[in-house]
Structures are given as C-alpha cells and as structure tokens.
Amino acid sequence: MARTVKNQRLAAAGYMWAFASLRSDAPRVHYDRRRAGGERHTAALRNLFNKLLGCLYHCLQNRTKYDADQGDCCMIR
C-alpha cells in the first residue's frame, strides 16, 4: 500500500527548487536523462529534488559550499 501522508510545504518547496534548478547544466542533464527514460515531468522533478537534497546533505555533512562547476557533489553521477 502506498503512503499517502507527506509534508505539503516541503513537497511544494522541493518542486519549485527542482524546477528552478533546470536552468543549470548538471540538473538539466539529470532531468533530461530521467525524461528520456520514460518518466513523466513530475516524477523526473521529484527525483531531481531527491538528488538535490542528497547534495545539500553532502555539503552540510562535509561543511563545504556547493560548486556546480567543480562537480564535487552528486550531480555528476
């Protein structure tokens, strides 16, 4: 059975964050790859949001700043 409870504010913020990040190269490549794999727009954005959250977690754990040009984070994989 699928879980139906979620934090609506976090989901809305994540959707906007992922949608806004499509202007950058690495998130756009990830999104396009998911779309080419057959996922719908919202599923691809949700996956991108999860990827961005993982990247944020990585930066917070290592106390580093996010640098998209360096490719230090999870957006390259």
Side-chain angles (χ1 to χ4, degrees):
M1 178 179 283
R3 194 176 85 177
T4 58
V5 177
K6 66 178 176 182
N7 185 331
Q8 294 291 340
R9 290 181 179 169
L10 180 61
Y15 183 87
M16 295 302 289
W17 181 21
F19 189 74
S21 73
L22 291 178
R23 292 179 154 214
S24 301
D25 292 334
R28 185 66 192 200
V29 168
H30 180 78
Y31 172 82
D32 289 340
R33 186 174 45 231
R34 299 297 291 207
R35 289 286 291 164
E39 286 188 3
R40 293 181 179 250
H41 170 72
T42 53
L45 273 184
R46 188 171 51 249
N47 186 274
L48 177 59
F49 174 49
N50 287 336
K51 195 75 146 170
L52 290 170
L53 274 180
C55 201
L56 175 63
Y57 179 77
H58 175 268
C59 291
L60 290 173
Q61 285 294 104
N62 295 319
R63 297 181 182 185
T64 59
K65 293 183 180 179
Y66 175 71
D67 186 10
D69 296 330
Q70 183 183 7
D72 180 51
C73 204
C74 55
M75 292 308 298
I76 296 299
R77 295 179 214 165

_Are Leu45 and Val29 connected into the same hydrophobic cluster when the rule is that any two of I, L, V, M, F, W, Y join if their side-chain heavy atoms are below 4.5 Å apart?_
no
The complete set of side-chain hydrogen bond (donor to acceptor under 3.5 Å, both in side chains) pairs with one or both residues in residues 5-20, sequence neighbours excluded, reads Tyr15-His41
Sorted by chain and residue number, the side chain to side chain donor-acceptor pair (under 3.5 Å) partners of Asp32 (sequence neighbours excluded) come out as Arg28
Closest heavy-atom pair, Leu48 versus Ser21, reported as atoms and distance to 0.1 Å, is CD2-OG, 3.6 Å
In short, salt bridge (Lys or Arg N to Asp or Glu O under 4.0 Å) pairs touching residues 34-44 with sequence neighbours left out are Arg34-Glu39
Sequence neighbours excluded, the answer for salt bridge (charged side-chain N to carboxylate O under 4.0 Å, His left out) partners of Asp25 is none
Flag side-chain contact, heavy atom, 4.5 Å: Tyr57 against Leu53 | no
